[in-house]
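Read the structure below first, then the notes.
Being a predicted model, the structure only gives us computed values, none of them experimental.
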Amino acid sequence: PRQRHRAVDVGDVAAARTSGGLAGRSRSGSAGRSDTAGRRRQARRGAAIAVGRAAVAARRALVAGVERGVGAMRLLAMLILSMVLVGTSPARAELSFCPGLVKAVEPGLKGTAAAFIRSYEPGADEDALPLGLSTTAFVYDNALAAIALVACERVDQARTIGNALVQAATYDRTFDDGRLRNAYRAGPLGRGAALLPGWWDSQKNIWGEDPAQDGTATGNVAWAALALLTLHQATGEAAYLSGAKRLMDWIIANASHGSDGFSGGFHGYDPQQVRLTWMSTEHNADVYAVASWLFRLTSAPRYRDAAKTASRLLDRTFRGDHFLLGTKPDGSLADDNLLALDVQLWPWMAVPDAPDWRKALGFAQAHLAVDDGFDFNGDRDGVWVEGTAQAALAYRIVGNAAASQQLLAAMRNDGTSSGLLNATRSARVSTGLSIDPSGTSTIPDFFYYKRPHLGATAWAVLAETGWNPFTGAKVP
């Protein structure tokens with residue numbers, strides 16, 4: 001009962017099936033890592049010199065002030081200024097994840113009013129991405145990137161992604177109900193409907209598409225709305241608020257599951273897609289965040305009611321110290337042995353007035369933590385970098401700055417020459433879930449691979465800047 005940008009691995013496996021195997025691993029990334037390490041050492045030396053110069057200048061100013069008889073309050077102000085200069089020196093800026101994100105997205109956003117960014121780049125030992133990912137820009141990743149760019153004070157670049165989300169929801173090649181697909185083709189948008197990802201199957205001589213990428217997950221629509229609400233908050237432009245309202249209205253009209261919660265969305269190829277009847281804890285946390293935000297802005301009763309509906313599913317899936325994934329297609333609760341890290345974090349990050357739900361962070365620490373990070377699920381077979389960044393933000397929200405900084409420090413080693421962080425630290429991390437969101441298959445074939453990932457990098461930015469994407473508020 002989960003689907004966000006899970007089509008990552010549908011595309012991966014689809015491409016593998018098309019090409020006859022997973023992409024080969026042939027290139028070593030050691031040279032690139034060595035070069036990057038050298039640049040970092042040089043930057044740190046330069047930063048240390050700058051800090052020393054700032055400190056010397058501050059001391060000289062203080063001495064001169066004393067000699068001239070400057071008042072104590074002015075001297076105190078100068079001292080504080082010197083501390084600020086040192087505290088915001090290039091040494092700290094060099095550690096920030098914002099420059100990496102900007103480096104990765106800037107070429108794709110420059111010179112165009114609307115564009116999507118590809119979600120993955122080839123791994124250090126890959127010549128190219130699998131065909132199913134080669135053109136894919138997942139809506140979830142791009143929504144996260146837009147929010148993170150606002151957190152980095154790069155609002156103009158965030159606008160470009162936000163404009164693409166608005167256009168994609170307004171024009172579709174098949175449907176006219178205002179839905180968003182789970183993914184679009186990366187690159188600038190032309191007029192009309194945004195193109196969907198795909199690849200040419202030279203063996204079958206046909207154009208191939210991924211049914212999960214073509215589908216619409218309720219959570220992805222909600223994340224796009226969160227991005228537009230963030231842009232409205234940053235710019236005051238009514239078009240972004242209107243876009244968020246249309247997306248939330250689509251969820252209310254097409255994903256409501258009575259008063260019990262919101263269902264998963266739609267899956268499959270155009271024009272006959274299958275309705276997903278399961279309900280996801282993760283999706284309903286997203287919907288609650290959007291509906292609550294919109295109710296704060298508009299006072300419209302339908303958004304208040306939608307928030308209440310989503311919260312009922314969250315209440316139902318909370319088991320005292322952790323959350324279940326959601327419900328099965330028949331409405332029964334998901335199996336208790338299926339765990340996921342983000343499901344333990346997002347509900348209480350989205351619902352600030354549910355303090356008991358924060359116990360799920362302790363549950364995640366006990367059952368999902370690995371060395372210097374967190375796994376996706378309970379098998380602890382590796383570090384899931386995106387989820388580790390989510391945990392870093394979660395720790396910051398609850399006031400555990402030390403734990404947050406420890407995770408962030410470890411993630412700085414996950415950077416790549418592209419500017420993006422790898423999705424994993426090992427070659428592959430399992431999830432225990434199926435790539436088929438329709439429920440017809442239960443084979444646990446959904447994996448994350450060690451490739452530079454837009455979503456993981458955006459979450460690292462949010463954790464470092466203390467930006468809660470569910471509320472638009474910065475954490476102290």
- Message: Salt bridge check, Arg451 against Glu126: does any charged N sit closer than 4.0 Å to a carboxylate O?
- Response: yes

- Message: Checking the side chain of Thr457 only, and the main-chain atoms of Leu421 only, is there a donor and an acceptor separated by less than 3.5 Å?
- Response: yes

- Task: Would you confirm whether Gln365, through its side chain, and Ala360, through its main-chain N or O, come within 3.5 Å as a donor-acceptor pair?
- Result: no

- Message: Please give me the minimum heavy-atom distance between Leu165 and Ala227, naming the atom from each residue.
- Response: CD1-CB, 4.1 Å

- Looking at Ala224 and Leu247, what are the two nearest heavy atoms and their distance? CB-CD1, 3.8 Å

- Task: Go through the side-chain N and O atoms of Ser418 and Thr416 and say whether any donor and acceptor fall under 3.5 Å apart.
- Result: yes

- Message: Checking side-chain polar atoms at under 3.5 Å, does Asn182 have a donor or acceptor matched by the opposite partner on Thr216?
- Response: no

- Query: Would you call Asp286 and Thr218 a side-chain contact if the rule is heavy atoms closer than 4.5 Å?
  - Reply: no

- Query: Should the heavy atoms of other residues, nucleotides or ligands under 6.0 Å from CG of Asp330 be counted, would the total exceed 12?
  - Reply: yes

- Taking NZ, NE, NH1 and NH2 as the nitrogens, is one of them in Glu121 or Lys450 under 4.0 Å from a carboxylate oxygen of the other? no

- For the atom pair CD (Gln157) and NZ (Lys110), what is the distance rounded to the nearest 0.5 Å? 10.0 Å

- Item | Residues Arg118, Asp141: salt bridge by 4.0 Å N-O rule | no

- Which heavy atom in Ala194 sits nearest to a heavy atom in Tyr184, and how many Å separate them? CB-CD2, 3.6 Å

- If we only count heavy atoms from C-beta on, is the Val461 to Cys98 side-chain gap below 4.5 Å? yes

- Atom pair OG1 (Thr174) and OH (Tyr269), whose distance is rounded to the nearest 0.5 Å: 13.5 Å

- Message: Could you check, using the six-membered ring where one of them is a Trp, whether Tyr240 and His232 have ring centers closer than 6.0 angstrom?
- Response: no

- Return yes if a side-chain donor-acceptor contact under 3.5 Å exists between Thr431 and Asn377, otherwise no. no

- May I ask you to test the Ile251-Phe262 pair for a side-chain heavy-atom distance under 4.5 Å? yes

- Arg181/Asp270 ion pair, N-O < 4.0 Å: yes

- Message: Looking only at side-chain N and O atoms, does Thr317 offer a donor or acceptor that is under 3.5 Å from a partner on Thr281?
- Response: yes

- Message: I'd like to know if Arg246 and Asp249 make a salt bridge, using a cut-off of under 4.0 Å between side-chain N and carboxylate O.
- Response: no

- Item | Short N-O contact, Asp375 and Arg425, less than 4.0 angstrom | no

- Note on the structure: Of Arg412, Arg396, Gln405, the one forming a side chain to side chain donor-acceptor pair (under 3.5 Å) with Glu464 is Arg412

- Verify, without hydrogens or angle tests, whether Asn142 (side chain) and Ile117 (backbone) share a donor-acceptor contact under 3.5 angstrom. yes

- Message: Counting only heavy atoms from other residues, nucleotides and ligands, does the tally under 6.0 Å from OH of Tyr171 exceed 12?
- Response: no

- Query: Counting distance only, does the side-chain N/O of Thr277 pair as donor-acceptor with the main-chain N or O of Pro329 below 3.5 Å?
  - Reply: yes

- Task: Tell me yes or no: between the side chains of His322 and Asp336, is some donor less than 3.5 Å from an acceptor?
- Result: yes

- Item | Minimum heavy-atom distance Ala234-Val150, with the two atoms named | CB-CG1, 3.9 Å

- So, for Phe323 and Trp346, is the gap between ring centers shorter than 6.0 Å? no

- Which distance, rounded to the nearest 0.5 Å, do you find between the CG of Leu231 and the CG of Leu241? 11.5 Å

- Task: Please confirm whether the backbone N or O of Leu314 pairs with a side-chain atom of Asn284, one donor and one acceptor, at under 3.5 Å?
- Result: no

- Query: How about Trp223 and Ile147: do any of their side-chain heavy atoms sit closer than 4.5 Å?
  - Reply: yes

- Nearest heavy-atom neighbours spanning Trp467 and Pro469: O-CD, 3.2 Å

- Message: Just so I know, are the side chains of Lys328 and Leu333 near enough to count as touching, which here means a heavy-atom distance under 4.5 Å?
- Response: no

- Task: Report yes or no: do Gln213 and Glu209 form a side-chain donor-acceptor pair below 3.5 Å?
- Result: no

- Relative to each other, are the rings of Tyr120 and His453 parallel, tilted or perpendicular (30° and 60° limits)? parallel

- Task: Specify whether Trp459 and Phe470 have parallel, tilted or perpendicular ring planes, treating 30° as the upper limit for parallel and 60° as the lower limit for perpendicular.
- Result: tilted

- Hey, are Gln273 and Arg179 close enough side-chain-wise for a donor-acceptor pair under 3.5 Å? yes

- Note on the structure: Value for OG (Ser438) from CH2 (Trp278), rounded to nearest 0.5 Å, stands at 10.0 Å

- Query: Would you find more than 12 non-hydrogen atoms of other residues, nucleotides or ligands less than 6.0 Å from Ile443 atom CD1?
  - Reply: no

- Message: Counting only heavy atoms not in Glu237 (residues, nucleotides, ligands), do more than 12 fall under 6.0 Å from its CD?
- Response: yes

- What is the minimum heavy-atom distance between Asn220 and Val139, and which atoms define it? O-CG1, 3.7 Å

- Task: Answer yes or no: is there a side-chain heavy-atom contact under 4.5 Å between Trp384 and Gln390?
- Result: yes

- From Thr388 atom OG1 to Asp414 atom CG, the distance as rounded to the nearest 0.5 Å: 8.0 Å

- Message: Cation-pi check for Tyr448 against Arg428: NZ or CZ below 6.0 Å from the six-membered ring centre and within 45 degrees of the axis, yes or no?
- Response: no

- Is the CG atom of Asp176 crowded by more than 12 outside heavy atoms at less than 6.0 Å? no

- Item | N/O donor-acceptor pair under 3.5 Å between Asp214 side chain and Leu196 backbone | no

